[in-house]
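Computed over heavy atoms, backbone and side chain alike; hydrogens, waters and symmetry mates excluded. Reminder, nothing fancy here: chain letters follow the sequence lines and each chain counts from 1.
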Amino acid sequence: MPTLTLPDGSTRTFDGPTTPAAVAADIGPGLAKAALGARVDGELVGLDHAIAKDAEIALITGPRGKNPCDADALWLIRHSGAHIMAEAVQKVFPDAMLVYGPPVEEGFYYDIAMPEGQTISSDDFEKIEAEMEAIVAADRPFTRCDMSADDGVSRLEQEGSKYKIDNARRAIEAGADSLSWYTTGTPGEHWDDLCRGPHVPSTGRVGGFKVMSVAASHWHGDADSDRLTRLYGTAFPDRKRLAAHLEQLEEAKKRDHRVIGRKLGLFRIDDMVGQGLILWTPKGAIIRQELQDFIGTELKRQNYDPVFTPHIGKLDLFRTSGHFPYYQDSQYPPLVDPDAMSRLVDEECSCADLSNRLREGDIDGYLLKPMNCPMHIRIFDGEPRSYRDLPVRLAEFGTVYRYEQSGELGGMLRVRGFTQDDAHIFCTEEQVQDEIAGCLELVQIIFKTLGIDSFDVRVGLRDPNATKYVGNPEVWDRAEDACRAAAETLGDAWHAEEGEAAFYGPKIDFIVRDAIGRSWQLGTVQVDYNLPERFDLSYIGADNAPHRPVMIHRAPFGSMERFVGFLIEHFAGAFPAWLAPEQVRVLPVSEKSSDYASNVYRTLRAAGQRVTLDEGNERLQARIRVAAEEKIPYLLIVGPRDAEAGTVSVRARGTERDLGAVPLQAFVDAISTETEDRCDGVVRGLFGDSDPA
RNA sequence: GCCACCGUAGCUCAGUGGUAGAGCACACCCUUGGUAAGGGUGAGGUCACGGGUUCAAGUCCCGUCGGUGGCUCCA
């Protein structure tokens with residue numbers, strides 16, 4: 001006699017074992033029709049799930065009206081969508097073997113092993129979708145069939161799919177004592193697939209779906225294992241929500257920094273220069289320079305010492321740091337000294353030999369620096385240090401080069417040459433906590449000033465079961481506590497991840513998402529016990545004995561390239577005035593006002609604003625449209641009326657008309673304050689509207 | 001690096017093996033217009049690059065380079 005408790009606290013008692021479907025029917029026919037699945041004692045289950053004892057139950061239904069779809073409902077729909085797509089694929093490609101098809105954040109995928117020589121291309125999507133359409137239209141029930149583990153495995157062995165056998169074995173190893181299949185329709189008659197479920201009650205409940213893309217993947221995520229075809233799809237309860245999702249994706253693409261960057265002329269990647277190497281055009285350079293100036297003032301406040309170091313250094317430096325040859329795969333090959341090169345040519349040295357001898361250290365060469373720390377360490381070590389000198393904070397916008405795999409490169413977000421807003425803090429063990437706090441404060445100032453409020457903070461801790469870490473455990477514990485405590489000061493969301501620490505120390509990373517939903521690490525703060533050891537760093541303590549300093553690596557922006565790439569998307573190109581490459585554009589109504597317009601232009605220039613004068617012979621509307629597309633924060637429209645009164649008509653970005661006319665000097669003062677204070681809304685404040693755009 | 005797709009004017013894109021196209025941007029002319037596209041004319045191309053098939057290739061095939069998405073990596 002199970003008694004079930006509903007989310008509102010009410011209870012219902014049943015005579016014997018029951019199912020969510022029966023519970024829904026008991027409540028009402030509407031709910032019975034709308035139900036997709038249920039959570040029973042927190043576990044997501046199908047409507048046919050047997051409930052034999054008292055439990056808490058929440059029925060899951062599709063969305064009503066314009067409400068967003070419940071996450072559980074979407075999960076069920078997409079999981080079922082993956083099955084429907086798999087069935088369709090096997091109809092189109094009968095020899096395709098299925099591997100694994102889970103729901104994911106934006107939809108689902110199915111990994112498929114295609115027979116030798118066959119591929120799925122985007123041209124096939126239409127055929128697959130047509131088959132899916134037929135399966136959905138038939139509205140066949142998802143029917144679950146359970147088998148004992150032994151019977152299930154022998155069935156799979158008969159069918160001969162090594163992938164499904166593997167899935168089953170893994171499930172059994174994880175503790176499953178039976179295996180289940182889901183049929184889209186009648187078992188024995190219709191298509192089925194090994195699956196733990198649950199699913200929506202019938203195929204018709206997957207109301208809107210689309211095959212999105214095809215990509216390669218590896219079995220078990222192992223690059224050395226079988227190559228699979230991964231087909232991505234998405235599904236929604238209805239076509240309307242699918243259409244809304246697709247439209248949202250289109251919108252997101254318009255925010256892509258590669259699209260906006262080209263449109264606004266912020267940066268270029270040039271084939272002739274090389275993959276993953278950013279050319280900062282004048283407009284993009286302004287944004288970067290403003291950011292560097294911004295953080296520069298904060299660094300001064302926090303007593304950092306700026307330094308400059310070269311782009312290349314001897315291989316021995318990076319042998320000592322451990323970067324070479326350990327990370328050789330992600331470095332540009334070393335540069336060999338010209339004299340040494342001549343000798344090698346005389347010796348008829350082969351490439352393989354050269355590579356070996358560089359690795360062994362027989363010949364020296366130079367490396368494009370993959371990190372700045374070894375250089376900063378040599379600066380620290382260049383003079384004797386007393387505990388009274390600590391902490392030493394060396395800061396540099398240091399450009400580093402890493403030979404990232406070509407398939408990984410993307411716009412400004414993943415590149416081969418980038419400039420870190422890097423600094424290394426050399427301090428005592430006791431100072432670590434305060435120094436980390438100082439670093440986080442920097443990150444906070446940056447994020448707050450730029451209005452970045454959606455980010456993840458990940459505290460990377462060591463994996464308690466691994467032995468790869470350097471430094472002693474008590475020191476690690478203290479550093480990890482310091483990282484946690486510092487993250488705590490950020491208040492909201494941070495999470496610790498075991499095993500995410502670097503081998504040399506724990507770290508705090510700041511992670512954001514780009515326009516199309518991918519995660520990227522921006523700022524980072526890392527404690528390092530390894531490099532001081534490798535370089536044998538020391539300072540003289542109060543006890544007149546040498547001690548090992550601790551190093552902290554930190555880059556609040558991460559890299560200028562990635563940060564600006566992200567920022568372009570964050571602002572969708574509409575930068576606040578202090579960052580905008582062009583802050584103000586003066587638009588004379590007609591040539592009659594061009595003298596006054598020049599006067600306005602010169603006044604703003606003299607006040608240090610980045611201003612242009614558009615004297616084109618287009619109509620005012622056309623010039624406004626162009627300026628609006630260039631996302632210029634302020635347009636000053638000046639005509640005879642303004643010339644007469646000595647005013648400017650201010651049109652702020654994003655407004656339909658000008659805010660009104662103000663005396664020229666009032667505007668100059670307001671925008672100067674707005675840009676100097678790196679804030680928003682001062683100009684608008686002139687018009688009694690202090691809301692930022 | 002791997003798999004799939006893509007590469008035509010500065011940009012966005014049409015183009016069925018048979019003479020290279022459009023819109024925007026650009027230049028010039030007309031227009032002097034008070035808040036998101038006034039009109040006209042013109043210039044602009046080794047169809048990514050290199051081979052091949054064919055009477056004929058932007059179009060078909062192979063290779064290279066580059067881009068996109070994903071996988072794998074990411075000190």
Report which part of the nucleic acid [X] touches: base, sugar-phosphate, or nothing (heavy-atom distance under 4.0 Å, all strands).
X	value
A:Arg227	sugar-phosphate
A:Phe503	nothing
A:Asp642	base
A:Gly221	sugar-phosphate
A:Ser406	base
A:Thr229	nothing
A:Tyr232	sugar-phosphate
A:Ala215	base

Let's see if you get this right: which residues in residues 260-280 of chain A place a heavy atom under 4.0 Å from RNA chain B?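 Contacts with RNA chain B under 4.0 Å: A:Arg262, A:Asp271, A:Gln275.
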Could you list by number each residue of residues 505-524 of chain A showing a heavy-atom separation from RNA chain B of less than 4.0 Å, or answer none if no residue does?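 Correct list: A:Ile516, A:Arg518.
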Rounded to whole angstrom, note down the P distance from B:U16 over to B:A4. 24 Å
Any cation-pi pair here, A:Arg378 with A:Phe535, using under 6.0 Å and within 45°?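 No, cation not above the ring by the 6.0 Å, 45° rule.
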Please determine if A:Arg230 forms a cation-pi arrangement with A:Tyr109, meaning its NZ or CZ atom is less than 6.0 Å from the six-membered ring centre and no more than 45° off the ring axis.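 Checked: cation-pi criterion met.
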Would a line drawn from the ring center of A:Phe318 to the ring center of A:Phe324 be shorter than 6.0 Å?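 No, the ring centres sit 6.0 Å or more apart.
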With a 6.0 Å cut-off on the ring centroids, do A:Phe566 and A:His257 count as close?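 Not under 6.0 Å, so no.
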Could you walk me through whether A:Glu498 and A:Arg462 satisfy the salt bridge (charged side-chain N to carboxylate O under 4.0 Å, His left out) test, starting with their C-alpha distance in whole Å, then the side-chain angles of each, then the deciding distance to 0.1 Å, before giving a yes or no? CA-CA 5 Å; A:Glu498 286 191 348; A:Arg462 67 196 191 281; over 6 Å; no
Find the distance [X]:[atom1] to [N]:[atom2] and express it as a whole number of Å.
X	N	atom1	atom2	result
A:Lys631	B:A36	NZ	P	16 Å
A:Tyr332	B:G1	OH	P	11 Å
A:Trp219	B:C71	CH2	C1'	16 Å
A:Glu105	B:G70	CD	P	12 Å

Does A:Phe426 form a ring pair (Phe, Tyr, Trp, His ring centres under 6.0 Å) with A:Phe380? I'd like the steps, not just the answer. CA-CA 8 Å; A:Phe426 301 85; A:Phe380 175 85; 4.3 Å; yes
Would you tell me if any nitrogen or oxygen in the side chain of A:Lys592 comes within less than 4.0 Å of OP1 or OP2 on B:G33? yes
side-chain contact (heavy atoms from CB on, under 4.5 Å) involving A:Ala130 - partner list, sequence neighbours excluded: none
To the side chain of [X], which of [options] is closest?
X	options	value
A:Arg258	B:G34, B:C5, B:G69	B:G69
A:Arg402	B:A36, B:C3, B:A75	B:A75
A:Leu620	B:A36, B:G34, B:A4	B:G34
A:Glu591	B:U32, B:A36, B:A75	B:U32
A:Ala628	B:A36, B:A4, B:G34	B:A36
A:Pro370	B:G38, B:A75, B:C5	B:A75

Does a distance-only test, which skips hydrogens and angles, find a donor-acceptor pair under 3.5 Å between the side chain of [X] and the base of [N]?
X	N	value
A:Ser590	B:G34	no
A:Arg414	B:C74	yes
A:Arg651	B:A36	yes

When you match A:Leu409 and A:Arg619 each to their closest nucleotide on RNA chain B, which lands nearer the 5' end?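 On the 5' side of the pair lies A:Arg619.
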A:Cys373 or A:Arg623, whichever maps to the more 5' nucleotide of RNA chain B: A:Arg623
So which protein N/O to nucleotides 23-30 of chain B N/O distances come out below 3.5 Å?
{"from": "B:C30", "atom 1": "N4", "to": "A:Asn617", "atom 2": "ND2", "distance (Å)": "3.2"}

List in chain and number order the residues that pass salt bridge (Lys or Arg N to Asp or Glu O under 4.0 Å) with [X], two or more places apart in sequence or in another chain; answer none if no residue qualifies.
X	answer
A:Arg548	A:Glu533, A:Asp536
A:Arg534	none
A:Glu251	A:Lys254
A:Asp316	A:Arg319

Check the side chains of A:Asp642 and A:Ser593 for a donor-acceptor pair under 3.5 angstrom, ignoring hydrogens and angles.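 Looking only at side-chain atoms, A:Asp642 and A:Ser593 do not form any donor-acceptor pair under 3.5 Å.
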Polar atoms only, N or O, under 3.5 Å: list the protein pairs with nucleotides 43-46 of chain B and their distances.
none

Distances under 3.5 Å between protein N/O atoms and the N/O atoms of nucleotides 61-64 of chain B, please, pair by pair.
none

Donor-acceptor pairs under 3.5 angstrom involving side-chain atoms of residues 504-513 of chain A: please list them, not counting sequence neighbours.
{"from": "A:Tyr504", "atom 1": "OH", "to": "A:Gln526", "atom 2": "OE1", "distance (Å)": "2.4"}
{"from": "A:Lys507", "atom 1": "NZ", "to": "A:Asp509", "atom 2": "OD2", "distance (Å)": "3.3"}
{"from": "A:Asp509", "atom 1": "OD1", "to": "A:Thr524", "atom 2": "OG1", "distance (Å)": "2.7"}
{"from": "A:Asp509", "atom 1": "OD2", "to": "A:Arg458", "atom 2": "NH2", "distance (Å)": "3.0"}
{"from": "A:Arg513", "atom 1": "NH1", "to": "A:Glu105", "atom 2": "OE2", "distance (Å)": "3.3"}
{"from": "A:Arg513", "atom 1": "NH1", "to": "A:Gly517", "atom 2": "O", "distance (Å)": "3.2"}

Applying salt bridge (charged side-chain N to carboxylate O under 4.0 Å, His left out), run through A:Arg255 and A:Asp514 and close with a yes or a no. CA-CA 9 Å; A:Arg255 250 187 132 86; A:Asp514 69 11; over 6 Å; no
For Watson-Crick and G-U wobble pairs within 3.5 Å on both distances, what is RNA chain B written in dot-bracket notation, | included for inter-strand pairing? (((((((..((((....[..)))).(((((.......))))).....(((((..]....))))))))))))....
Do A:Val611 and A:Arg585 have side chains that approach each other closer than 4.5 Å (heavy atoms only, starting at C-beta)?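 A:Val611 vs A:Arg585: side chains apart.
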